[in-house]
Amino acid sequence: MISVAIVEDERKAADQLRECLNRFETEHDEHFESTHYTDGEQFLSDFRSQFDIVFMDIEMPGLNGMRVAQKLRDIDQTVALVFITNLSRYAINGYEVGAMDYILKPLEYNAFLLKIRKVVNYCHRLGNKCLKLSTTTGMVRLSVNDLLYVEISRHDIIYHTAHGMLSGYGTMKQVEQALGEFGFYRCNSCYLVNMRYVKRIQDYMVIVGDHELSISHPRKKDFLRALDEYYR
């Protein structure tokens, strides 16, 4: 299932988009679950990285779509964003907020089809390389490629990412099971390391990005073997 947010103040345009999504479901064996917002601020207040695709009207009362998109990217860098607009010139700055494409009003299925195929393929690829985490601030989607290492501190799981830290819930065993297929391995009981960010090994220390993490004596041999297998 692909979760969709439709941020559009015009009911007719929102209904046309839903009709296009329904037709694509029937023809391509996909399933969309859509939520409609008529207000960008309400969408932002509800957003917790639960959507896979956001269709965003550019011209809306209050916060316009471009401003909403800028705030959206502060929350989620990976969600697929598609602008809906009357004029293509309004969407030329979409690259600044990582928009995948834009759709012109009034929506027409054949034009929609050309756009949605690319977006759906992106969602499937992303879904295979993302985690949805329950954190202290709500649900967050995190690309495994942005995750340097995971740390357990007392009863908290701390995700050290390329963009900062996130605190979550769960056990290291659960995280290890979820990330094992993506090239993550424990260097000791406290750290689970993304092998792609390992720069070097110094004695019983592994350099992960700009971080120095200790390797426990019992785990060093297996850790080095896992690193060798990852590179091969």
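Not measured: the values here are computed from a predicted model.
When every heavy atom of E41 is checked against every heavy atom of D39, the shortest pair comes out as N-OD2, 2.9 Å. In terms of heavy-atom proximity, F32 sits nearest to E25 at N-OE2, 2.6 Å. Among all heavy-atom pairs drawn from L72 and L81, the shortest one is CD2-CD1, 4.3 Å. The heavy-atom pair separating R67 from L63 by the smallest distance is CG-CD2, 3.4 Å. Among all heavy-atom pairs drawn from V150 and M172, the shortest one is O-CE, 3.7 Å. Pairing each heavy atom of R186 with each of K173, the nearest pair is NH2-N, 3.9 Å.
Using a 4.0 Å cut-off between a side-chain N of Lys or Arg and a carboxylate O of Asp or Glu, D222 and R219 do not qualify as a salt bridge. Between D210 and K199, at least one side-chain nitrogen of the basic residue sits less than 4.0 Å from a carboxylate oxygen of the acidic one, meeting the salt-bridge criterion.
Tracing side-chain contacts under 4.5 Å through hydrophobic residues (I, L, V, M, F, W, Y), one never reaches I201 starting from Y204; they form parts of separate clusters. Note on I158: it does not cluster hydrophobically with Y197, by side-chain heavy-atom contacts below 4.5 Å among ILVMFWY residues. By the criterion of side-chain heavy atoms lying less than 4.5 angstrom apart, applied directly or through intervening Ile, Leu, Val, Met, Phe, Trp or Tyr residues, Y169 is not grouped with L142; the two fall into different hydrophobic clusters. M205 and L224 end up in different hydrophobic clusters when Ile, Leu, Val, Met, Phe, Trp and Tyr side chains are linked at under 4.5 Å. Two different hydrophobic clusters hold I207 and L147 under the rule that ILVMFWY side chains link at heavy-atom gaps under 4.5 Å.
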Quiz item: Can you check side chain to side chain contact (heavy atoms under 4.5 Å, CB included) on D57 and K105, steps first, answer last?
Solution: CA-CA 10 Å; D57 183 20; K105 298 179 184 179; 3.3 Å; yes
Review point. F55 and L21: side chain to side chain contact (heavy atoms under 4.5 Å, CB included), yes or no, with the steps?
Key: CA-CA 11 Å; F55 291 99; L21 289 170; 4.3 Å; yes
Test side chain to side chain contact (heavy atoms under 4.5 Å, CB included) applied to Q202 and E212, step by step = CA-CA 10 Å; Q202 281 182 214; E212 294 185 358; 5.8 Å; no
Between M56 and F43, is a side chain to side chain contact (heavy atoms under 4.5 Å, CB included) present by the stated rule, with each step listed?
CA-CA 10 Å; M56 180 79 67; F43 162 72; 4.0 Å; yes
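Going from atom CE of M66 over to atom NZ of K71 covers 15.0 Å, rounded to the nearest 0.5 Å. Distance check, rounded to the nearest 0.5 Å: CD of Q70 to CG of N64 gives 8.0 Å. To the nearest 0.5 Å, the span separating CD on E151 from CE on M165 amounts to 8.0 Å. Atoms OH and CG, on Y122 and D52 in that order, are 10.0 Å from each other to the nearest 0.5 Å. Taken to the nearest 0.5 Å, the CG atom of L114 stands 7.5 Å off from the CG atom of N110. Residue R18 holds its CZ atom at 5.0 Å from CD1 of I6, rounded to the nearest 0.5 Å.
C20 is not listed as a side-chain neighbour of I116, based on a closest heavy-atom distance of 4.5 Å or more. Counting heavy atoms from C-beta outward, V120 and H28 have side chains that stay 4.5 Å or more apart. Inter-residue side-chain proximity for I103 and V82 is flagged as met; some heavy-atom pair is nearer than 4.5 Å. A heavy-atom distance below 4.5 Å is not found between the side chains of H211 and V193. Two residues are said to be in side-chain contact when any heavy atoms from C-beta on lie closer than 4.5 Å; V198 and M195 meet this criterion. Side-chain atoms of I84 and I58, non-hydrogen and from C-beta on, never get closer than 4.5 Å to each other. The side-chain heavy atoms of V208 and N194, taken from C-beta on, include no pair separated by under 4.5 Å.
Side chains of E27 and Y109: a donor-acceptor N/O pair is present below 3.5 angstrom, by distance only. Between the side chains of N188 and S214, at least one donor N or O lies within less than 3.5 Å of an accepting N or O.
A donor-acceptor pair under 3.5 Å links the side-chain atoms of E108 to the main chain of A111, judged by distance alone. Between the side chain of R73 and the main chain of D76, a donor-acceptor pair closer than 3.5 Å is present. In this structure, K115 contributes its side chain and M100 its backbone to no donor-acceptor pair below 3.5 Å. Here the side chain of S153 pairs no donor or acceptor atom with the backbone of D156 at under 3.5 angstrom.
Within 6.0 Å of CG on D203 lie no more than 12 heavy atoms contributed by other residues, nucleotides or ligands. Summarising the local packing, CG of D29 is surrounded by 12 or fewer heavy atoms from other residues, nucleotides or ligands at distances under 6.0 Å. Within a 6.0 Å radius of CE in M1, more than 12 heavy atoms belonging to other residues, nucleotides or ligands are found.
Between H160 and Y149, the ring planes lie parallel to each other; the angle is under 30°, not in the 30° to 60° tilted range.
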